[in-house]
Amino acid sequence: MNHITIRVSCLERALVFYEGVLGMKRIHLGNSDAYLEWGGVWICLLERVFSQPTEGYGVDHIAFSMREDHFSGAVHTLQENKVRIIRGPTERGGGQVVNFLDPDGTELELYTGNLNQRMQLWR
């Protein structure tokens with residue numbers, strides 16, 4: 001597990017819950033995002049306003065850690081199996097990333113970076 005991004009309607013209210021109630025540690029606070037750490041996993045809270053009624057709050061995507069030397073093989077496997085890739089492969093936030101959908105449309109991500117690399121670029 002690398003990280004989970006959660007879409008929230010109000011970042012301030014979400015921080016009260018995730019930091020105050022669950023005890024997550026704040027690493028970064030931006031205008032519309034916050035990065036929190038909880039054990040070995042980081043949580044990104046992403047404040048969003050939706051224009052379409054089909055959009056919503058909740059889990060945006062789940063990212064799995066991937067070793068850099070395995071990344072291109074994993075992308076090839078996704079392509080070979082006709083998995084719907086929706087972003088990438090590309091470099092983002094200090095690592096290689098590819099986002100794709102599972103059979104039910106849940107967005108998943110393979111990511112070679114880590115929280116420290118991401119924060120060096122976000123600050």
Side-chain angles (χ1 to χ4, degrees):
M1 179 65 68
N2 187 288
H3 69 274
I4 300 170
T5 297
I6 302 171
R7 295 180 303 253
V8 299
S9 61
C10 176
L11 187 57
E12 185 178 322
R13 184 179 65 203
L15 286 170
V16 168
F17 176 77
Y18 285 95
E19 289 180 308
V21 177
L22 297 181
M24 293 184 183
K25 178 184 171 191
R26 184 185 305 184
I27 303 298
H28 164 81
L29 178 62
N31 291 330
S32 62
D33 65 340
Y35 285 79
L36 309 171
E37 198 169 38
W38 203 24
V41 176
W42 44 296
I43 307 295
C44 175
L45 301 176
L46 189 59
E47 186 176 81
R48 287 284 191 243
V49 176
F50 294 110
S51 59
Q52 300 292 328
T54 56
E55 297 175 311
Y57 300 105
V59 174
D60 182 79
H61 69 274
I62 300 169
F64 300 100
S65 292
M66 169 70 49
R67 286 183 19 193
E68 186 80 35
D69 58 334
H70 291 167
F71 185 77
S72 62
V75 170
H76 178 73
T77 299
L78 293 173
Q79 293 167 334
E80 209 171 51
N81 287 280
K82 299 185 182 352
V83 173
R84 183 167 170 221
I85 294 175
I86 58 173
R87 180 174 59 183
T90 189
E91 193 281 326
R92 183 170 188 265
Q96 294 295 313
V97 62
V98 63
N99 291 68
F100 55 97
L101 301 179
D102 78 359
D104 291 316
T106 301
E107 185 174 341
L108 303 174
E109 176 179 292
L110 299 178
Y111 182 58
T112 64
N114 61 47
L115 181 57
N116 289 332
Q117 291 169 305
R118 170 83 43 109
M119 289 301 99
Q120 289 176 12
L121 298 170
W122 253 242
R123 291 183 178 175

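- What you find for Val59 and Arg7 is that their closest heavy atoms are O-NH2, 3.6 Å.
- Of all heavy-atom pairs spanning Tyr35 and Leu115, the tightest one is CD2-CD1, 4.1 Å.
- When hydrophobic clusters are built by joining Ile, Leu, Val, Met, Phe, Trp and Tyr residues whose side-chain heavy atoms come closer than 4.5 Å, directly or via intermediates, Phe17 is grouped together with Ile4.
- Although no hydrogens or angles enter the test, the distance criterion places a donor-acceptor pair under 3.5 Å between the side chain of Tyr111 and the main chain of Gly93.
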Atom pairs and distances, donor-acceptor, side-chain atoms in residues 38-49, under 3.5 Å, two or more places apart:
residue: Trp42; atom: NE1; partner: Asn2; partner atom: O; Å: 3.1
residue: Trp42; atom: NE1; partner: Asn2; partner atom: OD1; Å: 3.0
residue: Glu47; atom: OE2; partner: Leu11; partner atom: N; Å: 2.7

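- Follow the hydrophobic side-chain contacts under 4.5 Å out from Ile6 and you reach Leu29 in the same cluster.
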Could you list the donor-acceptor pairs under 3.5 angstrom formed by side chains in residues 70-82, with sequence neighbours left out?
residue: His76; atom: NE2; partner: Glu80; partner atom: OE2; Å: 3.1
residue: Thr77; atom: OG1; partner: Gly73; partner atom: O; Å: 3.0
residue: Asn81; atom: ND2; partner: Thr77; partner atom: O; Å: 2.8

Return a table of donor-acceptor pairs under 3.5 angstrom between the side chains of residues 18-27 and protein atoms on other chains or two or more places apart.
residue: Glu19; atom: OE1; partner: Arg26; partner atom: NH2; Å: 2.8
residue: Glu19; atom: OE2; partner: Arg26; partner atom: NE; Å: 2.9

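- For Arg84, there are no side-chain hydrogen bond (donor to acceptor under 3.5 Å, both in side chains) partners, not counting sequence neighbours.
- Interatomic distance, Thr106 OG1 to His61 NE2, rounded to the nearest 0.5 Å: 12.5 Å.
- Of the possible donor and acceptor atoms, none in the side chain of Gln120 sits under 3.5 Å from a partner among the backbone N and O of Gln117.
- Sorted by first then second residue, the salt bridge (Lys or Arg N to Asp or Glu O under 4.0 Å) pairs that include residues 105-117, not counting sequence neighbours, are Arg87-Glu109.
- In this structure, Met66 is not a member of the same hydrophobic cluster as Ile86, with clusters built from ILVMFWY side-chain heavy atoms closer than 4.5 Å.
- Residues Val97 and Leu110 do not share a hydrophobic cluster, defined by chaining ILVMFWY side chains whose heavy atoms lie under 4.5 Å apart.
- In this structure, Thr112 contributes its side chain and Gln96 its backbone to a donor-acceptor pair below 3.5 Å.
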